[in-house]
Protein chains: 2
Amino acid sequence: MAKPGKAICLCPLEGVIDIISKKWALLIVNEIGNHGRIRYNDLMKEIQGISPKTLADTLKELAKYNLITREAFNEIPPRVDYLLTKDGEELRQAIIPILQWALTKKGTVVAHCSCSMIPKGKRIGKEDLSL
Amino acid sequence: MAKPGKAICLCPLEGVIDIISKKWALLIVNEIGNHGRIRYNDLMKEIQGISPKTLADTLKELAKYNLITREAFNEIPPRVDYLLTKDGEELRQAIIPILQWALTKKGTVVAHCSCSMIPKGKRIGKEDLSL
DNA sequence: CGGTATCCTGGCTGATACTG
DNA sequence: CAGTATCAGCCAGGATACCG
């Protein structure tokens with residue numbers, strides 16, 4: 001092998017792999033993180049293409065894993081905010097190296113996601129990922 | 001929002017998300033990395049539970065994305081080695097933060113994966129991930 | 001040995017309509 | 001507004017058999 005004693009074990013990923021390999025999970029975690037706090041229908045608008053069912057299902061999953069918090073208010077009309085837990089924010093930070101890696105392969109990338117926090121057409125480079 | 005100007009854009013993940021969200025892709029990349037160079041059937045043994053079809057499909061995908069290299073020898077019996085490219089090795093490094101994050105949620109984890117490079121029952125902690 | 005070929009299944013996902 | 005209910009489709013992935 002290349003580097004004796006440097007074998008990496010992916011066992012820790014167990015249980016977590018179900019999250020990070022879910023199509024929408026990372027997007028949602030990141031979007032909530034970008035906003036700090038956001039409501040259900042605003043998420044629907046930000047994450048273009050997701051269906052209400054899928055969004056609801058994924059939110060429940062994320063809450064089950066303690067990555068997000070659901071905060072409901074007894075108002076009319078109803079209001080529910082979603083926030084990242086500490087774990088969720090840490091996960092959000094943990095994917096940044098993968099983002100950086102993706103960028104090294106492409107140089108820069110033109111933002112075209114639906115997130116209102118990112119100016120459309122902005123060129124994303126490594127400098128945008130150094131928090 | 002929490003930190004103005006610190007919004008994260010996941011656009012760079014496009015094209016890459018198909019890889020990292022594949023159930024077996026990360027496992028395979030990591031396993032090849034652990035061995036430095038490994039043959040098809042040895043991968044089958046190491047990655048317990050994967051079917052030949054899925055393994056073959058995923059290997060092709062990974063090769064297409066230039067994450068691994070296929071090296072075939074004209075011998076009888078045939079022999080094919082798989083290795084990580086530079087990109088592949090970088091990806092392997094990039095997922096370590098996620099591993100570390102997973103560990104912070106669990107403390108330590110007992111290795112039970114089929115990888116022959118990791119002693120069964122070894123307790124994995126953060127110290128095993130500082131390369 | 002290193003794969004294909006073939007068939008099949010179940011869970012994820014989407015669309016749409018509806019409700020408290 | 002914030003979801004649920006319902007139905008339907010796709011396709012990653014599994015089992016098995018076979019091939020060069």
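What you are looking at is a predicted structure, and each value in this text was computed from that prediction instead of being measured. Below, read A as the first sequence line, B as the second, and so on, with proteins coming before strands; counting in each chain starts at 1.
If you check every strand for non-hydrogen atoms under 4.0 Å, A/Y82 touches sugar and phosphate atoms only.
Taking atom CG of residue B/N41 and atom P of nucleotide C/dG3, one finds them 9 Å apart after rounding to whole Å. Rounded to whole Å, the distance from CG on A/N74 to P on C/dG20 is 16 Å.
Under 4.0 Å is where a charged nitrogen must lie from a carboxylate oxygen, and between A/R123 and A/D128 no such pair does. A salt bridge links B/R79 with B/D81: the distance from a Lys NZ or Arg NE/NH1/NH2 to an Asp or Glu carboxylate oxygen falls below 4.0 Å. Salt bridge absent: B/K22 and B/D18 never bring a charged side-chain N and a carboxylate O closer than 4.0 Å. Using a 4.0 Å cut-off between charged nitrogen and carboxylate oxygen, B/E89 and B/K86 do not count as a salt-bridge pair. Between B/E90 and A/K105 there is no salt bridge, since no side-chain N of the basic residue sits under 4.0 Å from a carboxylate O of the acidic one.
For the pair B/A56 and B/K45, nearest-nucleotide mapping onto DNA chain C gives the more 5' position to B/K45.
Checking side-chain atoms of B/T54 against main-chain N and O of B/I50 turns up no donor-acceptor pair under 3.5 Å.
Residue B/R39 places at least one side-chain N or O under 4.0 Å from the OP1 or OP2 atom of C/dG2.
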Within the sub-3.5 Å range, which N or O atoms of nucleotides 11-14 of chain C have a protein N or O partner, and how far apart are they?
unit_1, atom_1, unit_2, atom_2, d
C/dT13, OP1, A/K23, N, 3.4
C/dG14, OP2, A/W24, NE1, 3.2
C/dG14, OP2, A/T54, OG1, 3.3

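Residues A/V29 and A/R92 share a closest heavy-atom pair of O-CD, 4.0 Å. Taking every heavy atom of both residues into account, B/L26 and B/I95 meet most closely at CD2-CG2, 3.9 Å.
Nucleotides of DNA chain D lying under 4.0 Å from heavy atoms of chain A occupy a range whose first and last members, 5' to 3', are D/dC1 to D/dT6.
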